[in-house]
Amino acid sequence: MSTRPAIIFESPYPQPFLPNTSVFHYLFPDTVGGSPLAPLDPSLPAYIDGLDGRVLSRADVVDGALRLATGVRSLGVGRGDVAVLWGLNSLEWAHALYGCFAAGVTVSPANAGYSAGEIAHQINNSGASILFICPSLLPVLEAARPLLTRAIPADRVVLLAREAQAVPAAHPTIGGLLASEPGEAERFDGVNAHDTAVMCYSSGTTGLAKGVETTHHNLTSELQALNMGSRQLVSGVDVILGVLPFSHIYGLGMNFLQPAAMGCPVVVLPRFTEVAALAAIEKYRITHALIVPPIVVTLLNSTNVQHYDLSSLRTVVSGAAPLGGEIADAFARLIPGVVMLQAYGNTETSPVVLTAHAHEFAETEGSVATCGKLLPTYQARVVADGVDVGVGERGELWVRGPTVMKGYLHNAEATENAIVRGGWYRTGDIVVVNEGGWYEVVDRVKELIKYKGFQVPPAELEALVLQHPDVIDVGVVGIYDRAQATELPRAYIVVRGELDARREAALATHVAEWVAGRVANHKKLRGGVCIIDAIPKSASGKILRKELRVRAEAEIKD
Ligand code: 4UV
């Protein structure tokens with residue numbers, strides 16, 4: 001082990017007060033004391049349905065949460081239990097999350113595109129005893145039932161639907177539960193603030209998706225860090241485009257919770273579609289949009305942009321995957337007056353680690369090619385081959401602070417590998433810090449592939465592909481597609497028996513389709529399936545992904 005001293009980078013921003021309260025009581029200080037936020041006008045809009053214009057005021061959110069707390073408890077579920085929340089962004093999704101928070105139930109949000117196998121993994125692994133689900137996903141749940149280690153009874157499968165909607169009568173609805181009498185919201189003060197509030201799934205640096213235990217204290221610290229550090233949202237001024245999936249930590253943190261902390265309304269859209277997003281910006285005079293690099297590219301190439309009045313937009317944040325400086329500059333030119341920002345985060349860090357004030361990005365040449373500066377509450381190290389390096393040198397970003405997750409659920413080994421001695425979380429990303437304290441993410445050394453900002457754990461695809469009867473070995477890596485500004489998962493496979501060129505092509509296509517039928521849309525093998533003689537492995541049998549990536553890059557160039 002190195003005897004060189006650690007080189008610790010500090011945040012340039014003032015340190016915030018860190019509350020010891022529940023996320024719910026933090027966000028809605030009018031409900032009870034213990035929050036450093038000032039109470040806001042309860043009639044302010046909190047969430048607006050971008051499709052039908054329904055509005056939830058802050059008072060509606062609080063009232064709904066207290067009623068749902070009673071409704072959820074009446075189903076025999078309460079503090080310490082886990083709910084899987086599975087659906088596209090909607091006002092009902094918002095009600096369900098806050099209702100669970102008020103009832104003290106941990107929320108494990110799941111991607112709405114999950115296959116039966118994927119949702120079964122999350123329900124089983126999280127130990128969920130209640131499920132909130134979009135009615136359109138019921139057939140996928142049916143397909144998942146045989147895979148569940150413990151059945152969830154029909155009366156604990158709550159539909160994310162209004163009372164008036166026609167849905168199967170066997171299940172309660174959010175609308176129905178909202179008719180309950182208001183109850184008390186559970187308090188998570190003092191040590192209880194370290195109870196788990198949210199559990200998103202992330203593969204971290206290696207292996208399969210794991211439940212990330214994010215505590216109330218993690219989230220309130222993160223929201224305080226954003227308020228003191230980046231201060232990107234202004235109460236009473238900003239209106240937010242809520243298009244990122246709330247089930248992913250980027251959407252949940254920045255698109256859903258932070259606006260509530262600042263009293264800024266979120267215009268909720270179920271998913272990104274070009275016209276709906278542009279129309280919502282025009283109609284609701286949206287000022288602040290959080291997006292991912294492929295959306296930046298889609299808008300850059302869009303012929304629709306000029307048909308909408310986007311003059312309300314002040315700031316656009318890109319995160320979850322690398323954004324080239326040229327693309328960022330081109331985007332800023334596309335919509336005059338807009339400041340383009342970047343932010344960097346991880347599920348395990350609740351999530352944002354790096355970003356900066358809009359005016360800092362606007363005033364600092366070249367800054368948009370970086371992810372910004374270290375937020376308050378964090379300390380950082382840059383570590384190359386076990387040795388700390390300083391300004392201008394490449395190394396893995398390690399961070400510590402009150403927003404680093406409690407750990408991976410039921411997985412002490414993975415937690416110990418991720419959070420090393422001294423409480424440092426190893427991000428698996430290679431960064432360079434410059435003299436001004438701006439961090440550029442230059443590479444990723446963890447296994448993870450990102451398709452349009454979504455996680456694609458290679459180990460998960462490898463385990464699946466190995467179940468194909470013709471495959472005897474497999475290695476999955478990401479290849480970068482410049483046109484779409486995203487990585488695409490590509491599988492290298494070794495197959496049984498002799499192959500001629502025709503059967504080889506047919507088998508590769510067949511394996512890609514076979515996988516597509518078993519995974520969420522974002523995990524499809526869009527980078528292709530290539531048949532090779534042997535998967536490169538280390539002496540201990542580990543897949544040498546770097547070699548596969550080099551091979552892929554050469555193949556793409558050819
Ligand atoms: O765990 P995860 O899926 O988490 C995220 C969270 C992203 C963000 C980004 C901006 C925010 O404001 C916010 O709240 C949350 O993606 O994946 C973590 C990995 O994604 C890559 C990097 O490899 C992380 O380890 N990544 C995230 N942001 C960036 C990024 C970025 N701005 N540039 C490059 N890579």
Side-chain angles (χ1 to χ4, degrees), residues 109 111 198-206 209-212 214 218-219 222-223 225-226 229-230 232-233 240 242 244-259 261 288-296 315-325 327-328 340-356 358 361 367-373 375 378 396-399 403-405 408 418 425-432 438-458 478 480 485-487 522-523:
N111 185 299
V198 164
M199 209 153 51
C200 294
Y201 271 66
S202 164
S203 62
T205 48
T206 182
K210 298 172 273 291
V212 175
T214 302
N218 288 151
L219 287 173
E222 172 72 31
L223 295 167
L226 285 164
S230 65
Q232 285 165 1
L233 298 189
I240 318 303
L244 296 175
F246 298 155
S247 55
H248 180 247
I249 197 78
Y250 181 15
L252 181 64
M254 300 278 278
N255 245 190
F256 188 87
L257 295 176
Q258 206 217 349
H288 184 82
L290 298 132
I291 53 180
V292 291
I295 297 185
V296 176
T315 36
V316 174
V317 181
S318 170
L323 178 76
I327 298 178
M340 182 89 214
L341 323 172
Q342 280 214 58
Y344 160 95
N346 290 274
T347 310
E348 289 79 355
T349 52
S350 313
V352 194
V353 175
L354 306 170
T355 189
F361 273 106
S367 59
V368 75
T370 79
C371 289
K373 302 179 181 179
L375 278 183
Y378 285 103
E396 185 186 2
L397 177 66
W398 292 15
V399 294
T403 69
V404 172
M405 64 170 178
Y408 293 116
Y425 172 69
R426 301 177 54 163
T427 65
D429 293 304
I430 302 295
V431 299
V432 178
W438 296 85
Y439 288 68
E440 189 180 353
V441 176
V442 292
D443 199 2
R444 191 188 301 135
V445 284
K446 56 188 169 193
E447 274 178 17
L448 183 65
I449 300 167
K450 278 283 177 102
Y451 175 72
K452 299 197 170 179
F454 291 110
Q455 289 202 1
V456 182
Y480 192 71
T486 188
E487 289 169 272
H522 61 275
K523 294 183 193 164

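Whatever order the structure lists ligands and atoms in, that order sets their numbers, starting from 1.
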Among Ser318, Gly319, Ser230, Ala321, which one has a heavy atom closest to atom 30 (C) of ligand 1? Ala321

Within ligand 1, which atoms have a heavy atom of [X] less than 4.0 Å away?
{"X": "Thr347", "result": "1 (O), 2 (P), 3 (O), 4 (O)"}
{"X": "Cys371", "result": "31 (C), 32 (N), 33 (N)"}
{"X": "Met254", "result": "11 (C), 12 (O), 13 (C), 14 (O)"}
{"X": "Gln342", "result": "32 (N)"}
{"X": "Val352", "result": "11 (C), 12 (O), 13 (C), 14 (O)"}
{"X": "Lys446", "result": "24 (C), 25 (O)"}
{"X": "Pro322", "result": "33 (N), 34 (C), 35 (N)"}
{"X": "Arg444", "result": "23 (O)"}

What closest approach, in Å, do [X] and [Y] show between heavy atoms, and which atom pair accounts for it?
{"X": "Tyr201", "Y": "Gly211", "answer": "CE2-N, 3.3 Å"}
{"X": "Gln258", "Y": "Leu226", "answer": "NE2-CB, 3.6 Å"}
{"X": "Ser202", "Y": "Val212", "answer": "CB-CG2, 3.7 Å"}
{"X": "Ile240", "Y": "Asn255", "answer": "CG2-ND2, 3.8 Å"}
{"X": "Val368", "Y": "Gln342", "answer": "O-NE2, 2.8 Å"}
{"X": "Arg444", "Y": "Ile449", "answer": "NH1-CA, 4.0 Å"}

Could you check if a side-chain atom of [X] sits within less than 4.5 angstrom of a side-chain atom of [Y], using non-hydrogen atoms only?
{"X": "Arg426", "Y": "Glu396", "answer": "yes"}
{"X": "Ile295", "Y": "Lys452", "answer": "no"}
{"X": "Glu222", "Y": "Leu375", "answer": "yes"}
{"X": "Glu487", "Y": "Tyr451", "answer": "no"}

Residue, atom name and distance, where the atom is the protein heavy atom closest to [atom]:
{"atom": "atom 32 (N) of ligand 1", "result": "Ala343 O, 2.7 Å"}
{"atom": "atom 13 (C) of ligand 1", "result": "Tyr250 CD1, 3.1 Å"}
{"atom": "atom 16 (O) of ligand 1", "result": "Lys450 NZ, 2.6 Å"}
{"atom": "atom 6 (C) of ligand 1", "result": "Gly345 O, 3.3 Å"}
{"atom": "atom 25 (O) of ligand 1", "result": "Asp429 OD2, 2.5 Å"}

Polar proximity ligand 1 side, [X] side, N/O cut 3.5 Å exclusive:
{"X": "Ala320", "answer": "yes"}
{"X": "His248", "answer": "yes"}
{"X": "Leu448", "answer": "no"}

Does some non-hydrogen atom of Gly253 fall short of 4.0 Å from ligand 1?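 In this structure, Gly253 fails to qualify as a contact of ligand 1 - no heavy atom is under 4.0 Å.
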
Pick out which of Thr355, Thr370, Thr349, Asp429 makes a side chain to side chain contact (heavy atoms under 4.5 Å, CB included) with Tyr344.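 One option only clears the test, and that one is Asp429.
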
